Amino acid sequence: MAISSSVIAQTQSRPNIIFIFSDDHAYQGIGAYGNKIAKTPNIDRIAREGALLTNNLVTNSICGPSRATLLTGKYSHMNGYKRNDRTKFDTNQTLLSKTLQQSGYQTAWIGKMHLNSLPAGFDYWNVLPGQGQYYNPEFVGQPNDTTKYTGYVSDLITKFSVDWLEKRETSKPFFLIVGHKATHREWLPDLQDLGAYDDVTFPLPANFYDDYKGRTAALQQDMSIEKTMRLKQDLKVDVDYEKDFAYNRFNPEQKKVFTAYYNKISKELADKKLTGKALTEWKYQRYLRDYYSVANSLDRNIGKLLDYLDKSGLAKNTVVIYASDQGFYLGEHGWFDKRFIYEESLKTPFVIRYPGVIKPGKKVDDLVVNIDWAPTVLDLAGAKVPTDVQGKSFLPLLKDSQTAKVPWRKEAYYHYYEFPEPHHVFPHFGLRTSRYKLAYFYGGADSWELYDLEKDPTEGANIYGKPGTEKIIADLKAKLKVLMQDYKDDEALKLLAGAKNI
Ligand code: SGN
Ligand code: CA
């Protein structure tokens, strides 16, 4: 059948879309989000040449669930993927990738996926098994073959992405997910980045020594730098290079450079004989040095991809998105990891460049939720959004002239499940408005929390039940119930009905 020229013109004008998706990369660790120490010139470049979302929230702050939401545009209770556990993500449901394929896109997922299932709706994939490894990682290619490669994971992911872009079928627009392992625990930097931040002394967050007063769940978490962070596995002090799987895969050159660097660190700690707060603060400095060094490689690799788009001429018709699966604590509340509805883990970075459509330097403050990512991608692709998708395209918010007219949600709903392992964060649900946050922790914690983010942006004072908050609480609880009904979270509705009111 002959295809009319207008169909061809339409197809060709549809943009390519690259979704660069990192792991645990905190927005507060990025230059474009105000960090003055981190070197993230390439993420900053995407923000400068496009838009930055200041309130991009997740529905459930862990890895697999966030990825399942990216693929479905739905909350965890609707897509069935509530925890990072051993259950497989159900790929029989309607997926972003499948809808894009049906509308004529070529699709690929390269790098970390972490859904306990093989990619579905992707014409090409080469993914890390599970969490993957930093050094000399295995990748699972099509149909299901595991191959071990030599090199550093972020470089390999970029190489495979560029290789695929080179060999793809050029008659169709493409959607490519570049899934990075960085900056996930245990933060093994690339050799060239070892020591990149050794001359920096990171300021302690004001709430580093949080006493968690009035916050039952925070008091019982197991994710503190002081108690949970491990000297050996996390900070590479006296690592057993033969026994530990992350290291016994090193080649001799990698081992030599890596051990030389960390042997010095181990010796420094042994010489200093630190205890108490001095030890905790030493751990904090080492944590951030490793974390930011891993991010250096991530950012450099984003730069390589942007360079390739420039050189190949693809840049002008390719949307580039950079986001992380969730936020992360960089010492706030004394923590690392994520999970809580509190700001650092609820919010995740999101920058997007679309030449000629998004005005450079645009900022969006509205409450975007990761259920909106899939419909936005579909909107960018000119594809129809399936009716059961729970999110909404925020493309209108990105188009400067329309912003004032776009009606947008005033409350965002959150529901976290994984408990007790790892990190012992009680399951909870809640909502966030531009000013307030209300949350209920269940499963044994059974406690409400309320924050006034205008007065208390770092969420140290739980004002739930304090005189004067009665009306605010009643209003927020009513809204929470409506959100649960709208999003069909029946389990939460039952829990809400049975929740203590004190
Ligand atoms: C691993 C980490 C945890 C982390 C989870 C989930 N432990 O279990 O610290 O919270 O992954 O992370 S580790 O000792 O194996 O590093 S997620 O990003 O995949 O959700
Ligand atoms: Ca993650």
Side-chain angles (χ1 to χ4, degrees), residues 19-27 29 56-71 76 81-87 89 111-117 127-135 137 153-154 157 177-189 221-237 239-240 243-247 283 287 290-291 294-295 298 322-331 333-342 344-350 370 373 416-427:
F19 200 114
I20 308 170
F21 202 32
S22 67
D23 203 293
D24 295 3
H25 195 203
Y27 64 88
N56 178 52
L57 317 180
V58 293
T59 54
N60 179 3
S61 184
I62 43 170
C63 197
S66 174
R67 288 147 198 273
T69 292
L70 163 65
L71 285 176
S76 309
Y81 211 75
K82 295 176 177 172
R83 303 171 186 84
N84 278 335
D85 55 19
R86 308 219 168 270
T87 54
F89 172 59
K112 182 167 176 183
M113 189 175 87
H114 199 208
L115 279 168
N116 276 318
S117 58
V127 296
L128 296 172
Q131 297 279 12
Q133 293 293 328
Y134 275 109
Y135 278 87
V153 70
S154 311
I157 289 165
I177 298 185
V178 181
H180 277 285
K181 172 172 172 64
T183 47
H184 195 275
R185 197 182 183 189
E186 309 149 331
W187 316 293
L188 266 52
Q221 49 56 46
D222 180 20
M223 51 187 262
S224 71
I225 293 171
E226 183 198 355
K227 296 192 179 122
T228 318
M229 189 171 277
R230 307 157 301 193
L231 283 172
K232 193 191 269 285
Q233 295 96 325
D234 292 323
L235 302 178
K236 301 105 195 159
V237 172
V239 164
D240 188 333
K243 278 204 199 115
D244 193 317
F245 186 63
Y247 307 96
K283 288 170 81 178
Y287 161 43
D290 281 354
Y291 183 94
V294 171
L298 167 67
Y322 173 72
S324 177
D325 59 350
Q326 13 67 207
F328 211 69
Y329 294 92
L330 300 178
H333 302 282
W335 295 340
F336 64 102
D337 214 67
K338 48 258 179 178
R339 300 163 195 277
F340 279 99
I341 193 175
Y342 306 139
E344 291 83 358
S345 43
L346 175 68
K347 280 201 221 172
T348 197
F350 195 107
N370 60 345
W373 296 350
Y416 168 81
Y417 303 84
E418 191 169 87
F419 181 77
E421 295 301 330
H423 302 300
H424 205 274
V425 174
F426 280 97

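Just so it is clear, the values below take in all heavy atoms, side chains as well, and ignore hydrogens, waters and symmetry mates. Residue numbers start at 1 and run along the sequence shown. All figures in this text were calculated on a predicted structure; none of them were measured in a lab. Each ligand, and each atom within it, is numbered from 1 in the order the structure gives.
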Discussion item. Return the closest protein heavy atom for atom 5 (C) of ligand 1 as residue, atom name and distance.
Written reply: R339 NH2, 3.8 Å
Worksheet item: Which residue, T348, D325, N60, T59, forms the side chain to side chain contact (heavy atoms under 4.5 Å, CB included) with S66?
Response: D325
Practice prompt. Please confirm if an N, O or S atom belonging to Q326, backbone or side chain, lies less than 3.0 Å from the Ca ion (ligand 2).
Written response: yes
Worksheet item: Is it true that the NZ or CZ of K112 lies under 6.0 Å from the centre of F21's six-membered ring and within 45 degrees of the ring axis?
Response: no
Worksheet item: Which residue owns the protein heavy atom closest to atom 4 (C) of ligand 1, what's the atom, and how far is it?
Response: D337 OD1, 3.5 Å
Worksheet item: Where do H423 and F336 land on the ring pair (Phe, Tyr, Trp, His ring centres under 6.0 Å) test, with the steps shown first?
Response: CA-CA 10 Å; H423 302 300; F336 64 102; 5.5 Å; yes
Worksheet entry | Side-chain heavy-atom pair T87, Y81 within 4.5 angstrom cut-off | yes
Worksheet item: What do you think, any protein heavy atom under 4.0 angstrom from atom 15 (O) of ligand 1?
Response: no
Discussion item. For atom 17 (S) of ligand 1, what is the closest protein heavy atom, and at what distance to 0.1 Å?
Written reply: C63 CB, 3.1 Å
Worksheet entry | Stepwise ring pair (Phe, Tyr, Trp, His ring centres under 6.0 Å) check, H25 with Y27 | CA-CA 7 Å; H25 195 203; Y27 64 88; over 10 Å; no
Worksheet entry | Atom name of the N, O or S atom in D23 that lies nearest to the Ca ion (ligand 2) | OD1
Worksheet item: Atoms of ligand 1 less than 4.0 Å from D23 heavy atoms?
Response: 18 (O)
Discussion item. Looking only at the side chains, is there a donor atom on one of S22 and Y322 sitting less than 3.5 Å from an acceptor on the other?
Written reply: yes
Worksheet item: When only distance counts, is R230 in polar contact with ligand 1, meaning an N/O pair under 3.5 Å?
Response: yes
Worksheet item: For the residue pair V425 and F419, what are the closest heavy atoms and their distance?
Response: O-CD1, 3.2 Å
Fill in: Close approach of Q326 to ligand 1, heavy atoms, under 4.0 angstrom
yes
Worksheet item: At a 4.0 Å threshold, what atoms of ligand 1 neighbour a non-hydrogen atom of H114?
Response: 19 (O)
Practice prompt. Run the numbers for me: atoms of ligand 1, each under 4.0 Å from some heavy atom of D24, listed by number.
Written response: 18 (O)
Worksheet item: Heavy atoms only: which of T228, N84, V425 is nearest to atom 20 (O) of ligand 1?
Response: N84
Item to complete: If you have a sec, work out which protein heavy atom is nearest atom 11 (O) of ligand 1 and how many Å separate them, to one decimal?
Response: Q131 NE2, 3.2 Å
Discussion item. So, of the N/O/S atoms that D325 has, which is the nearest one to the Ca ion (ligand 2)?
Written reply: OD2
Worksheet entry | Protein residue, atom and distance nearest to atom 3 (C) of ligand 1, heavy-atom basis | H423 NE2, 3.4 Å
Discussion item. How far is atom 7 (N) of ligand 1 from the closest protein heavy atom, and which atom is that?
Written reply: R185 NH1, 3.3 Å
Response to the item:
Closest non-hydrogen atoms of I157 and G179, given as atom of the first, atom of the second and distance, are CD1-O, 3.4 Å
Practice prompt. Among all protein heavy atoms, pick out the one at the shortest distance from atom 12 (O) of ligand 1; state its residue, atom name and that distance to 0.1 Å.
Written response: K338 NZ, 2.9 Å
Worksheet entry | Shortest non-hydrogen separation from Q233 to Y247 and the atoms involved | O-OH, 4.0 Å
Item to complete: Looking at D24, pick out the N, O or S atom nearest to the Ca ion (ligand 2) and give its name.
Response: OD1
Fill in: Whether S76 side chain and P65 backbone form a donor-acceptor pair below 3.5 Å
no
Worksheet item: Looking at P427 and Y417, what are the two nearest heavy atoms and their distance?
Response: CB-O, 3.9 Å
Worksheet item: For atom 8 (O) of ligand 1, which protein heavy atom lies nearest, and how many Å away is it?
Response: P422 CG, 4.3 Å
Worksheet item: So F328 and Y291, would you call those rings parallel, tilted or perpendicular, with 30° and 60° as cut-offs?
Response: parallel
